[in-house]
Amino acid sequence: MTHSPTQPQARAHITVPPAHPMVMLLGSGDSLLRVIETAFPAVDIHVRGNEISATGDAADVALVQRLFDEMLLVLRTGAPMTEDAVERSIAMLRASGDGADGAETPAEVLTQNILSNRGRTIRPKTLNQKRYVDAIDRHTIVFGIGPAGTGKTYLAMAKAVQALQSKQVSRIILTRPAVEAGERLGFLPGTLFDKIDPYLRPLYDALHDMLDPDSIPRLMAAGTIEVAPLAYMRGRSQPVFTKVLTPDGWRPIGDLQVGDLVIGSNGEPTPVLGVFPQGERDIYRVTAQDGSWTLCCGEHLWTVRTASDKRRDKPWRVLETQEMIGDLRAAHARRYELPMLTAPVCFPEREVPLDPYALGLMLGDGCVSGRRTPSFATADPELVSALEMAVPGVKVRSRGGYNDLVNRLPTPGDAEGGLLTHPLKQALRTLDLLGSKSYSAFVPDDYLHNSAEVRLAVLQGLLDTDGDPVTRKDRTCRIRYSTASLLLRDDVVALVQSLGGVAYTSRRSAEGREQGTATAAHRYDTHVIDIRLPEGIEPFRLARKAEKYHAAEGGGRPMRFIDSIEPAGREETVCIQVAAEDSLYVTQDYLLTHNTLNDAFIILDEAQNTSAEQMKMFLTRLGFDSKIVITGDVTQVDLPSGTKSGLRQVQEILEDVEDVHFSRLTSQDVVRHKLVGRIVDAYEKYDNAQGPTGRNGK
């Protein structure tokens, strides 16, 4: 071989250790050696025994020596060398120059194992692919942008399966926008599964490469792997009129805006991060066994656990409403337990005109008319003393039996002949309770939506008068409360639920009921409430009731289970995202629900076919301990004319946002047939010549 005299010549010797047969390094029939010789025509390469010599241009000889060193490192790990791997190693070495920039070496790229299944190992094949995989490890949201065949989706799927198998996440969610070729789901033949399947087939195929095929249906049935079009990801919503608890009380979810505060599972306010109208959807009524209920769509998310989960100390799982339909019982027991408030709801403290415990006592055993002196009927002197202490300026005097008058105490400032104001009557008049009857009593809003201490004090007053601890052998103690007032029944239930407890209601009809010790016939139905409160919440102040309650080791753990899920028509819906760590917020009847994806690995494929609104919706579904990978090719947009690709727009918006990474792959990273890379380059050259108004100029 003739060399120009101006080119410096160099010679290198590579000794192959006996542990690596030359055939592994040079390939069967010297196939790998021929690839190297073709790539470096200015270098003479000779092989004798286990010695390889290279002579030629100094720069090329140095690259050849580095190439063989890298190949030996790869072989040392047990990974094979192929013609494709050699070509890619050469490209990486040439791209990195002298290696001074700290770029990854071919050996580091080719030996990074992501996943092994049935004797096949999935690993990156190019430098950009390795950087893409590393970015998925380091960042919460990663965009993989590049032409077809660069392994964007396949590698993301491998990382998702790896995360699931190593228990970094509890579920995988795979989704695609169903707009390819301009088709619409509704016009495709067959069942819903048949309509969805063509769009999602690439994701199914990748799963079958990475998991035991027999396990995939089981994982999908359990909700561990969810595969759905992007349109179905939107619908985790509730009707716009559904009540959501805020620090100021209940508000329709449709009235909430970004920045508003709602109550989370810890009882604390948490801001709303996103509000997303969802249009009209099929609605279901989800009812718990204590009678509490709320409305939501079939894709709405619920945090639940089964008895088996609890026994095995497994974490709570997240299921869609529709996943639980028809599966609500296990051996005649309710299957899905719902989470409870972990602490009482924190409402802002409000000033009230009457001590809350005294209010509870008067609602239970008091009688206040507009004209007469208030009375208090009790057999417990302890409650008489408590009422006198709680209401300054009154004295309870016995009239015999259990009927006591609550008299106003005279004060030095009383004017002779002047109008005297009874402090208890004045407070009850302010609360609009003066003259209320046993069947019309209620707890004013200023007490229902006050601090936990105020709410508990009201409840204690009610339970000390009309409540009792109910014990059964070998059972924890429950609390039973009775009232003739439907309003007061609902208010007591709300007080209990706001403190993290559960309340079961029933009704005893007045008609035909035996009088017992009553001196008059029952005129009104009695509403009975069975109550369980969390540990640390004291239901009674009255000593005899408190002693009985604690002697039975308290009330046990409050629990809620889903009892039924039934269709409830179609309604206009909306979904919200909240900042709470577990993404839970309090909806109607103090039920805890959410629509954000926690503890999940989520892949959005073909993201170039999302609109800007869809992209924002998808990104804001991110929950805690989750990871999102979004893949797409901005040169293959199939959106209707005039619709801007969400993948193109998001690069302008999130490029500099912390913990969001954009990995860009090129035709050099195509790992399909070599011709695919050349086709990609040809189209790119053509598009550049056409300018911004050319093909796909959306």
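Keep in mind the model is a prediction, meaning the values are calculated, not measured. In what follows, residues are counted from 1 in the order of the sequence shown. These numbers come from the heavy atoms of this one structure, side chains and all, not from hydrogens, waters or symmetry mates.
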Would you sort out whether Lys243 and Ile253 count as a side chain to side chain contact (heavy atoms under 4.5 Å, CB included), showing the intermediate values? CA-CA 6 Å; Lys243 295 178 182 177; Ile253 191 172; over 6 Å; no
Candidate pair Ile136 and Lys627, rule side chain to side chain contact (heavy atoms under 4.5 Å, CB included), full reasoning: CA-CA 8 Å; Ile136 293 174; Lys627 193 176 288 289; 3.9 Å; yes
Apply side chain to side chain contact (heavy atoms under 4.5 Å, CB included) to residues Ile145 and Ile630 and explain how you reach the verdict. CA-CA 8 Å; Ile145 302 173; Ile630 299 163; over 6 Å; no
Side chain to side chain contact (heavy atoms under 4.5 Å, CB included) assessment of Thr303 paired with His594: CA-CA 8 Å; Thr303 295; His594 70 89; 3.0 Å; yes
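The main-chain N or O of Asp327 is found under 3.5 Å from a side-chain atom of Arg335 such that the two form a donor-acceptor pair. The backbone N or O of Pro177 lies less than 3.5 Å from no partner atom in the side chain of Asn609, so there is not a single donor-acceptor pair. Remark: the backbone N or O of Pro147 is paired with a side-chain donor or acceptor of Lys152 at under 3.5 angstrom. Using a distance-only test at 3.5 Å, with no hydrogens or angles considered, no donor-acceptor pair links the side chain of Thr150 to the main chain of Gly146. Of the possible polar contacts, none joining the Ser237 side chain to the Cys575 backbone as a donor-acceptor pair under 3.5 Å is found. With hydrogens and angles disregarded, no donor-acceptor distance shorter than 3.5 Å links the side chain of Gln162 to the backbone of Ala158. Counting only distance, with no hydrogens or angles, the side chain of Arg66 and the backbone of Glu70 share no donor-acceptor pair below 3.5 Å.
The structure places NZ of Lys159 at 14.0 Å from CE of Met157, a figure rounded to the nearest 0.5 Å. Rounded to the nearest 0.5 Å, atoms CG (Asn128) and CE (Met92) are 10.0 Å apart. Within the model, atoms CD of Glu108 and CG of Asp134 stand 9.5 Å from one another, a figure rounded to the nearest 0.5 Å. Atom-to-atom distance recorded for Glu299:CD and Gln278:CD is 9.5 Å, nearest 0.5 angstrom. Interatomic distance, CD1 of Ile141 versus CG of Leu654, reported as 7.0 Å (0.5 Å rounding). How far CE of Met324 is from OH of Tyr336: 7.0 Å, rounded to the nearest 0.5 Å.
Judged purely by distance below 3.5 Å, without hydrogens or angles, the side chains of Asp84 and Thr82 never pair a donor atom with an acceptor atom. Using modelled atom types, one finds a donor on one side chain and an acceptor on the other under 3.5 Å when comparing Ser166 with Gln168. In this structure, a donor-acceptor pair under 3.5 Å is present between the side chains of Arg664 and Gln651. Checked by atom type, the side-chain pair Asp582/Ser265 shows a donor-acceptor distance below 3.5 Å. Side-chain contact check for Thr631 and Asp605: at least one donor-acceptor pair (N or O, by modelled atom type) lies under 3.5 Å. With hydrogens and angles left out, the side-chain atoms of Ser611 and Thr643 include no donor and acceptor closer than 3.5 Å.
Among all heavy-atom pairs drawn from Ile562 and Ile565, the shortest one is CG2-CG1, 4.0 Å. Contact detail for Ser663 and Ala135: the closest heavy-atom pair is OG-CB, 3.9 Å. Here the shortest heavy-atom pairing between Ala568 and Arg285 reads CB-N, 4.0 Å. Residues Ala607 and Ser645 approach most closely at O-OG, 4.4 Å, considering heavy atoms. Closest approach of Gln649 to Lys644, counting heavy atoms only: CB-CE, 4.1 Å. Nearest approach of Val637 to Val634, heavy atoms of both residues: CG2-O, 3.5 Å.
Two residues are said to be in side-chain contact when any heavy atoms from C-beta on lie closer than 4.5 Å; Trp250 and Val586 meet this criterion. Put simply, the side chain of Leu319 does not reach to within 4.5 Å of the side chain of Leu301, judged on heavy atoms. Contact annotation: the side chain of Tyr132 approaches that of Val142 to within less than 4.5 Å [non-hydrogen atoms, C-beta and beyond]. Counting heavy atoms from C-beta outward, Thr246 and Asp260 have side chains that stay 4.5 Å or more apart. Residues Glu87 and Val35 have side chains in contact (heavy-atom distance under 4.5 Å, counting atoms from C-beta outward). Between Cys297 and Thr321 there is no side-chain heavy-atom pair separated by less than 4.5 Å. Leu211 has its side chain within reach of Val161: a pair of non-hydrogen atoms, C-beta onward, lies under 4.5 Å apart. Side-chain atoms of Asp209 and Tyr154, non-hydrogen and from C-beta on, do get closer than 4.5 Å to each other.
When each of Thr294, Thr573, Val574 is paired with Gln238, the side-chain contact (heavy atoms from CB on, under 4.5 Å) condition holds for Thr294 and for no other.
Using a 4.0 Å cut-off between a side-chain N of Lys or Arg and a carboxylate O of Asp or Glu, Arg138 and Asp659 do not qualify as a salt bridge.
For Phe601, the ring pair (Phe, Tyr, Trp, His ring centres under 6.0 Å) criterion is met by no residue, not counting sequence neighbours.
Around the CD atom of Glu658, the shell of radius 6.0 Å holds no more than 12 heavy atoms that belong to other residues, nucleotides or ligands. More than 12 heavy atoms of other shown residues, nucleotides or ligands fall within 6.0 angstrom of atom NZ in Lys130.
Ring geometry for Tyr585 against His300 counts as perpendicular: the plane angle is over 60°, on a 0 to 90° scale with 30° as the lower cut.
Screening residues 629-654 for ring pair (Phe, Tyr, Trp, His ring centres under 6.0 Å), with sequence neighbours left out, gives no hits.
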